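What follows is a set of notes on a single structure, which appears directly below.
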Amino acid sequence: MKVAVIGTGSIGRAWGISFARGGHDVYFYNRTPDKAREAIEFARAIVGDLERYDLLNGHSAADMLARLHVARTLEEALGGVGYVQENLAEDVALKRQMFLEMERLAPIESVLASSTSGIPASVFTDRLVHRERCLVAHPLNPPYVIPAVDLVPSPWTSPAVMDWTAEFLTNCGQSPIRMKAEDPGFLTIRLQGALYHEAFRLVAEGLADPEAVDACIRDGLALRWSFIGPFETADLNAPRGVRQFVERFGQQYQNLYPRGGPFAWDGRVMDDVERARREKLPIGDHQARQLWRDKRLIALIAHKRVQDKNDRRAES
């Protein structure tokens with residue numbers, strides 16, 4: 001399938017690698033053609049490492065590079081395209097104009113996605129005739145290494161488009177995170193933002209220095225979060241699961257945030273979270289999953305130590 005990447009900065013060029021890894025012909029378009037050519041040169045510099053670590057979905061570096069092309073015009077990029085990934089600056093007027101052009105030039109059956117990191121798709125697709133095929137696919141940079149992608153519908157995005165895009169991105173090696181409705185910040189930015197707010201507060205109030213905050217994440221929370229999320233972390237931190245975790249520690253967390261976090265962790269939301277966790281992990285498998293978590297932590301820490309030793313050797 002032909003894929004168009006509109007805008008070839010750090011996000012656009014990284015997306016191109018992911019799409020080519022999925023077996024698609026990628027056409028880079030930038031108003032400055034040299035920038036589009038630089039995207040291919042960047043791919044040429046990195047694909048050897050990706051191939052060495054088996055991160056090209058079984059494709060060779062040479063095959064992947066052969067799928068990358070420069071489009072001289074927007075018409076060339078969008079003609080016969082099946083999927084478009086827009087990566088322009090965070091400017092509503094600019095995105096609105098580009099989506100009008102994309103609708104005019106791309107086939108009616110193609111999907112039009114934006115990499116915006118916080119603007120809801122409804123803001124810049126509201127004037128389109130076929131706006132049901134538009135959505136946000138917001139990556140964490142670089143997407144060819146970090147698989148998570150916020151997949152965010154507008155109020156008029158077709159469920160079939162959401163399904164198709166999720167499957168398409170999965171086949172490219174990504175991990176789509178589907179939202180049920182749009183919300184500024186999506187999932188990744190909103191959660192990251194909450195952590196940033198608290199990190200800056202701790203430093204501003206003289207409670208810790210930045211390195212201590214970084215160490216808390218790098219050498220603590222991130223080790224678990226590299227393979228399990230906050231709900232599973234809580235679920236595994238109490239013998240009977242997430243409800244018992246909240247019974248034990250919920251009030252403590254509420255007391256920490258009397259202004260910033262008054263949302264109660266009980267009632268319907270507790271029922272929903274517990275039901276979701278028990279569907280994912282029956283309580284009878286709880287201890288086995290805890291052991292799995294510990295073994296993953298051991299393997300991850302061992303890997304980090306080997307890499308740290310290698311770094312020190314390279315520096316000496």
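Values in this document were obtained by computation on a predicted structure and should not be read as measured data. Below, all heavy atoms of this structure are taken into account, side chains as well, without hydrogens, waters or symmetry copies.
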- [ ] Tell me yes or no: between the side chains of Arg21 and Gln174, is some donor less than 3.5 Å from an acceptor?
- [x] yes

TODO: State the CD-SG distance between Glu86 and Cys134, to the nearest 0.5 angstrom.
DONE: 10.5 Å

Task: Rounded distance [0.5 Å steps], CD in Gln97 versus CG in Leu100 - done: 5.5 Å

TODO: Look only at the side chain of Lys35 and the backbone of Gly9, and say whether a donor-acceptor pair between them is shorter than 3.5 Å.
DONE: no

TODO: Would you check if the side chain of Thr32 reaches a backbone N or O of Asp34 as a donor-acceptor pair within less than 3.5 Å?
DONE: no

- [ ] Identify whether Tyr144 and Phe28 are in the same connected component of the hydrophobic contact network (ILVMFWY, side-chain heavy atoms under 4.5 Å).
- [x] yes

Task: Heavy atoms from other residues, nucleotides or ligands near CZ of Phe42 exceed 12 (cutoff 6.0 Å) - done: yes

Open item on the list: Could you report the tightest heavy-atom contact between Ala77 and Ile6, atom names first, then the distance?
Closed with: CB-CD1, 4.3 Å

- [ ] Please round to the nearest 0.5 Å and tell me the distance separating atom CG of Asp235 and atom CG of Leu281.
- [x] 6.0 Å

- [ ] Please assess Glu38 against Thr8 for the test side-chain hydrogen bond (donor to acceptor under 3.5 Å, both in side chains), listing each intermediate value before the final yes or no.
- [x] CA-CA 8 Å; Glu38 287 175 9; Thr8 57; over 6 Å; no

TODO: Flag yes if more than 12 heavy atoms outside Glu75 fall under 6.0 Å of its CD atom; otherwise flag no.
DONE: yes

- [ ] Would you tell me whether Ser115 and Gln85 have side-chain atoms, one donor and one acceptor, within less than 3.5 Å of each other?
- [x] yes

Open item on the list: Under the side chain to side chain donor-acceptor pair (under 3.5 Å) definition, can you give me all pairs with a residue in residues 182-194, not counting sequence neighbours?
Closed with: Ser122-Glu182, His138-Thr188, Asp150-Thr188, Asp183-Arg190

Task: Pair Glu205 + Arg201: basic N to acidic O under 4.0 Å - done: yes

Task: Exercise: identify the closest heavy-atom pair between Lys2 and Gly80 - done: CB-O, 4.0 Å

Task: Joint cluster assignment, Ile11 & Ile40, ILVMFWY side-chain distance < 4.5 Å - done: yes

Task: Residue pair Arg13 / Asn30, side-chain donor-acceptor N/O under 3.5 Å - done: no

Task: Nearest heavy atoms of Gly7 and Leu88, plus distance in Å - done: CA-CD2, 4.2 Å

Open item on the list: Taking Leu169 as the starting point, is it possible to reach Met64 by hopping between hydrophobic residues whose side chains are less than 4.5 Å apart?
Closed with: yes

- [ ] Give the cluster check for Val5 versus Leu135: same hydrophobic cluster or not, with ILVMFWY residues linked at side-chain heavy-atom distances below 4.5 Å.
- [x] yes

- [ ] Check whether more than 12 heavy atoms from other residues, nucleotides or ligands sit under 6.0 Å from atom CZ of Arg72, and answer yes or no.
- [x] no

Open item on the list: For Leu207, I'd like to know if atom CG has over 12 heavy atoms of other residues, nucleotides or ligands within 6.0 Å.
Closed with: yes

- [ ] Using distance alone, with no hydrogens and no angle criterion, decide if Asn255 and Gln251 have a side-chain donor and acceptor under 3.5 Å apart.
- [x] yes

- [ ] With rounding to the nearest 0.5 Å, note down the distance linking OG in Ser316 to CG in Asp311.
- [x] 11.0 Å

TODO: Check the hydrophobic clustering (I, L, V, M, F, W, Y; side-chain heavy atoms under 4.5 Å; chains of links allowed) and say if Trp15 and Val81 are grouped together.
DONE: no

TODO: Identify the heavy atoms of Asn57 and Cys172 that sit nearest to each other, and give their distance.
DONE: ND2-C, 3.9 Å

Open item on the list: Under the side chain to side chain donor-acceptor pair (under 3.5 Å) test against Glu232, which residue among Arg289, Arg293, Lys280, Arg224 passes?
Closed with: Arg289

TODO: Check whether any side-chain heavy atom of Val213 lies under 4.5 Å from a side-chain heavy atom of Phe200, and answer yes or no.
DONE: no

Open item on the list: Could you check whether atom CD of Gln287 has more than 12 heavy atoms from other residues, nucleotides or ligands sitting under 6.0 Å from it?
Closed with: no

Open item on the list: Closer than 4.0 angstrom, basic N to acidic O: yes or no for Arg277 and Glu274?
Closed with: no

Open item on the list: Would you say that more than 12 heavy atoms from the other residues, nucleotides or ligands in this model lie under 6.0 Å from the CZ of Arg240, or not?
Closed with: no

Open item on the list: Taking the basic N atoms (NZ, or NE/NH1/NH2) and the acidic carboxylate oxygens, is any pair closer than 4.0 Å for Arg243 and Asp271?
Closed with: yes

Task: Euclidean distance, Leu74 CG relative to Met98 CE, rounded to 0.5 Å - done: 5.0 Å

TODO: Indicate the atoms forming the closest heavy-atom contact of Arg67 with Ala20, along with that distance.
DONE: NH1-O, 3.0 Å

- [ ] Consider only side-chain N and O atoms of Trp164 and Ser158, and report whether a donor and an acceptor are under 3.5 Å apart.
- [x] no

- [ ] Answer yes or no: is there an ion pair linking Glu315 with Arg312, defined by an N-O contact shorter than 4.0 Å?
- [x] no

Task: Distance flag, aromatic centroids of Phe19 and Phe168, threshold under 6.0 Å - done: yes

Open item on the list: Before you tell me yes or no, could you show the steps for Phe227 and Trp292 under ring pair (Phe, Tyr, Trp, His ring centres under 6.0 Å), namely the whole-Å CA-CA distance, both residues' side-chain angles and the distance that decides it to 0.1 Å?
Closed with: CA-CA 11 Å; Phe227 54 87; Trp292 170 88; 5.4 Å; yes

TODO: Output the distance between atom CZ (Arg96) and atom CG (Asp91), rounded to the nearest 0.5 Å.
DONE: 10.0 Å

